[in-house]
There are 2 protein chains.
Amino acid sequence: MARATVQDVAKTAGVSVGTVSRVLNGSPAVSAASKEKVTGAIRKLNYRPLASARDLRRDRTMRILALAKNLNSPVISEAFRGFGDAAALSGYVSLIAPTSGDLEREQQLVDMLRNGSVDGLILFSPTMPDADVEALAEQLSVVQVCEIVDSEAAFGVSIDDRQAAFDITRHLIETGSRRLAMIGNRLARSGRLREEGFRAAAAEAGLAPEHLLLADGEFDFHAGRRLAKELLHLDPLPDAVFCGSDTVAAGCVREITDAGLRVPGDIAVAGFDDSVQAEMCVPELTTIRQPAYEMGQVAFEALFARMTGPGGHRRGRIFLSHELVVRGSTKD
Amino acid sequence: MARATVQDVAKTAGVSVGTVSRVLNGSPAVSAASKEKVTGAIRKLNYRPLASARDLRRDRTMRILALAKNLNSPVISEAFRGFGDAAALSGYVSLIAPTSGDLEREQQLVDMLRNGSVDGLILFSPTMPDADVEALAEQLSVVQVCEIVDSEAAFGVSIDDRQAAFDITRHLIETGSRRLAMIGNRLARSGRLREEGFRAAAAEAGLAPEHLLLADGEFDFHAGRRLAKELLHLDPLPDAVFCGSDTVAAGCVREITDAGLRVPGDIAVAGFDDSVQAEMCVPELTTIRQPAYEMGQVAFEALFARMTGPGGHRRGRIFLSHELVVRGSTKD
DNA sequence: AGACTTTTTGGAATCGATTCCAATCAGTCT
DNA sequence: AGACTGATTGGAATCGATTCCAAAAAGTCT
């Protein structure tokens with residue numbers, strides 16, 4: 001028993017395919033009697049319109065694809081949730097796929113937008129060069145969240161990473177730290193902006209940032225430990241470390257603690273993202289909270305305008321406000 | 001400038017649509033000259049076959065959808081990676097969507113299989129009742145991973161949760177614990193199995209499990225803390241707690257430590273999953289490692305057979321072997 | 001050269017749902 | 001009753017890629 005088609009339904013209901021389709025799409029131009037016959041036939045045959053046929057005819061899929069290097073980032077998954085909830089209100093389904101930082105796989109997934117498998121695309125952490133992102137966003141329905149290119153041609157939602165790093169670094173200084181260090185991620189654009197903010201805050205206070213350790217590969221708990229170990233070999237020791245993510249900060253705290261030093265007594269540590277890790281750490285991490293859920297929602301509004309509106313190509317960047325969350329890792 | 005179609009390509013290349021399609025699909029029955037003209041036209045028009053038209057005609061999409069309550073579980077994201085890598089080798093694209101435990105949204109996503117938006121489905125943590133999962137797997141290309149129903153009609157890949165819980169509980173007993181407690185998740189099938197294993201190990205040692213705290217909502221760090229707090233009100237105190245996940249175990253350790261007791265000195269704690277949290281915790285967690293990546297790979301093989309093979313409906317369950325990872329939270 | 005393969009090609013039919021247009025039906029008004 | 005309006009309906013055309021079939025082109029052999 002193959003799949004039932006609109007033809008089958010029409011035959012069983014004793015009406016034409018046009019009428020069936022009208023019932024399916026809630027057209028008012030159908031008599032109550034016909035509607036009843038059709039819904040009966042649909043139920044009886046367990047009929048469901050075939051997506052590909054419908055998509056072909058309507059020229060849209062009501063599906064949106066999100067791409068991220070990996071799915072474990074709490075900020076990304078929260079932003080995706082915000083996006084998905086907003087999208088659902090407009091009838092869109094949101095799906096996400098990890099690229100693993102593999103350019104080829106990313107290309108393949110981006111092609112799903114080009115070939116009409118989906119109506120729109122969200123980029124959380126693109127692997128392709130910035131120029132490619134710009135070109136893509138220029139001609140197709142694409143929106144960036146978290147990691148956004150520095151261009152007015154595309155559209156992106158994020159926080160002001162530079163300012164956030166500036167704020168948290170200033171907090172370190174205000175709580176008495178003078179020999180500042182940072183563990184950052186040079187591979188991400190956001191990482192470079194945070195480095196700028198860190199530098200600016202140090203400069204403003206007349207301090208020379210003592211050390212900048214930049215990961216050029218993984219940026220996780222173990223990387224945090226490894227880089228913190230390097231910090232501990234220094235003389236004099238830094239008295240504060242700003243880390244580009246909570247997970248890295250947790251590794252950093254762990255390494256410092258294991259070495260017999262105290263956080264924040266000997267070295268204060270700050271993270272970024274306000275993920276669960278920040279609360280799991282001992283002491284709990286001072287960090288930056290991102291309004292991830294809202295970022296997702298805003299991103300959908302923009303993407304929606306882009307997909308439906310004719311001239312509605314929203315450009316530029318939107319920065320939502322972050323929040324400094326002070327906890328025990330920088331202040332007793 | 002609208003999208004180019006095969007017709008356009010055919011016209012530009014000076015051949016028929018049939019020839020264009022043959023080139024597109026690598027048919028050998030095309031002369032070198034024609035092939036060249038066609039590829040030239042394709043490049044010139046920047047042509048890409050429209051997915052919906054192709055899917056309609058071919059009656060398959062080469063897309064697979066995975067569903068999970070949320071994307072943050074490290075085991076699920078690792079299993080999905082294994083699945084995705086295996087799927088990619090066969091030309092399939094794997095996408096994932098979170099259901100947030102919302103039955104309606106889950107239904108909507110499952111409908112994507114019913115209406116041919118995707119060729120297959122992986123269920124990681126279904127919200128629908130077991131009977132529905134069985135019925136679904138009975139008639140459609142569905143495979144379960146991690147949380148699998150207790151039925152031979154469907155197909156699922158997991159570890160033997162009951163045995164794993166048994167093993168880790170026995171480890172607690174062997175390291176000297178006598179007053180056993182457990183913090184489990186009654187809402188998940190795996191949680192109930194782990195409870196069984198815990199009970200069985202206690203019974204085998206002639207011990208009455210002192211306490212069973214069962215979360216009936218969230219099962220995260222904060223739930224771990226909350227439930228551990230309850231444990232600490234007991235008299236006598238348990239001397240070991242088996243937790244249904246590392247995250248919960250981390251919360252448990254934290255609460256115990258904050259209360260001035262020592263882990264494992266006063267109370268030993270064991271987790272489950274061997275996620276990053278297990279290593280981030282102080283002391284590091286004894287836990288159960290799941291071969292998540294392989295589980296995903298195996299799941300794809302089965303789903304592939306189901307999707308392509310005519311009679312190839314693979315049934316039953318496959319249990320891959322877990323591993324007890326002993327760390328400081330149970331043994332100095 | 002003529003008969004016969006083999007290779008290559010064009011073009012129509014097909015997949016299933018939607019939509020437009022014309023036709024039919026029912027109802028209203030004079 | 002006849003003319004007219006509006007509500008329903010049937011059915012063909014359409015979306016774009018694939019595939020099958022017959023026809024044309026190019027070789028092969030005696």
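Protein chains get the first letters and strands the later ones, always in sequence-line order, with residue 1 at the start of each.
- Between the side chains of Ser27(A) and Asn25(A), not a single donor N or O lies within less than 3.5 Å of an accepting N or O.
- Taking the nucleotide of DNA chain C with the nearest heavy atom to each of Ala53(B) and Val15(B), the more 5' of the two is matched to Val15(B).
- No hydrogens or angles were tested; on distance alone, nothing pairs the side chain of Arg48(B) with the base of dG16(D) as donor and acceptor under 3.5 Å.
- Residue Val30(B) is in sugar-phosphate contact alone, with no base atom involved, counting any heavy-atom pair closer than 4.0 Å across all strands shown.
- Between the CG atom of Leu56(B) and the P atom of dT14(C) there is a distance of 14 Å, given to the nearest Å.
- Here Thr5(A) lies in heavy-atom contact (under 4.0 Å) with sugar-phosphate atoms only.
- For dT8(C), neither phosphate oxygen OP1 nor OP2 lies less than 4.0 angstrom from any side-chain nitrogen or oxygen of Ser34(B).
- The interatomic distance linking Arg60(A) (CZ) with dG16(D) (P) rounds to 16 Å, in whole Å.
- Applying the 4.0 Å criterion to OP1 and OP2 of dA17(D), one finds that Tyr47(B) has a side-chain N or O inside that range.
- If you take CG of Asp8(A) and P of dA17(C), they are 9 Å apart, rounded to a whole angstrom.
- When the nearest nucleotides of DNA chain D are assigned to Val6(B) and Gly18(A) by heavy-atom distance, the more 5′-ward of the two goes with Gly18(A).
- Looking at heavy-atom distances under 4.0 Å, Thr19(B) makes contact with sugar-phosphate atoms alone, never a base.
- When each of dA17(D), dA17(C), dT9(D) is scored by its nearest atom to the side-chain atoms of Arg54(A), the top-ranked nucleotide is dA17(C).
- Arg105(A) has a carboxylate O that lies under 4.0 Å from a charged side-chain N of Asp85(B), or vice versa, which qualifies the two as a salt bridge.
- If you measure from atom NZ of Lys35(A) to atom P of dA7(D), you get 15 Å, rounded to the nearest angstrom.
- The residue among Arg22(B) and Ser52(B) whose nearest nucleotide of DNA chain D lies closer to the 5′ end is Ser52(B).
- When rounded to the nearest whole Å, the span between CG of Asp55(B) and P of dA17(D) equals 12 Å.
- The shortest non-hydrogen separation linking Phe300(B) to Phe83(B) is CA-CE1, 3.4 Å.
- You'll find that the side chain of Ser21(B) is closest to dT19(D), out of dA17(C), dT19(D), dG11(D).
- Contact check for Arg3(A) versus Arg114(B): no side-chain heavy atoms found under the 4.5 Å cut-off.
- Within the structure, every side-chain polar atom (N or O) of Arg3(B) is placed at least 4.0 Å from both OP1 and OP2 of dG16(D).
- Look at CG on Asp59(A): it is 18 Å from P on dA17(C), rounded to the nearest Å.
- Judged by atom type and distance alone, Arg57(A) reaches the base of dT14(D) through a side-chain donor-acceptor pair under 3.5 Å.
- Distance, Leu50(B) CG to dA17(C) C1': 15 Å, rounded to whole Å.
- Look at Asn25(B) and you'll find a side-chain N or O under 4.0 angstrom from OP1 or OP2 of dT18(D).
- Put simply, the side chain of Thr5(B) does not reach to within 4.5 Å of the side chain of Leu50(B), judged on heavy atoms.
- If you measure from atom CE of Met62(B) to atom C1' of dA17(D), you get 16 Å, rounded to the nearest angstrom.
- Within the 4.5 Å cutoff, no side-chain heavy atoms of Arg54(A) are placed close to those of Val6(A).
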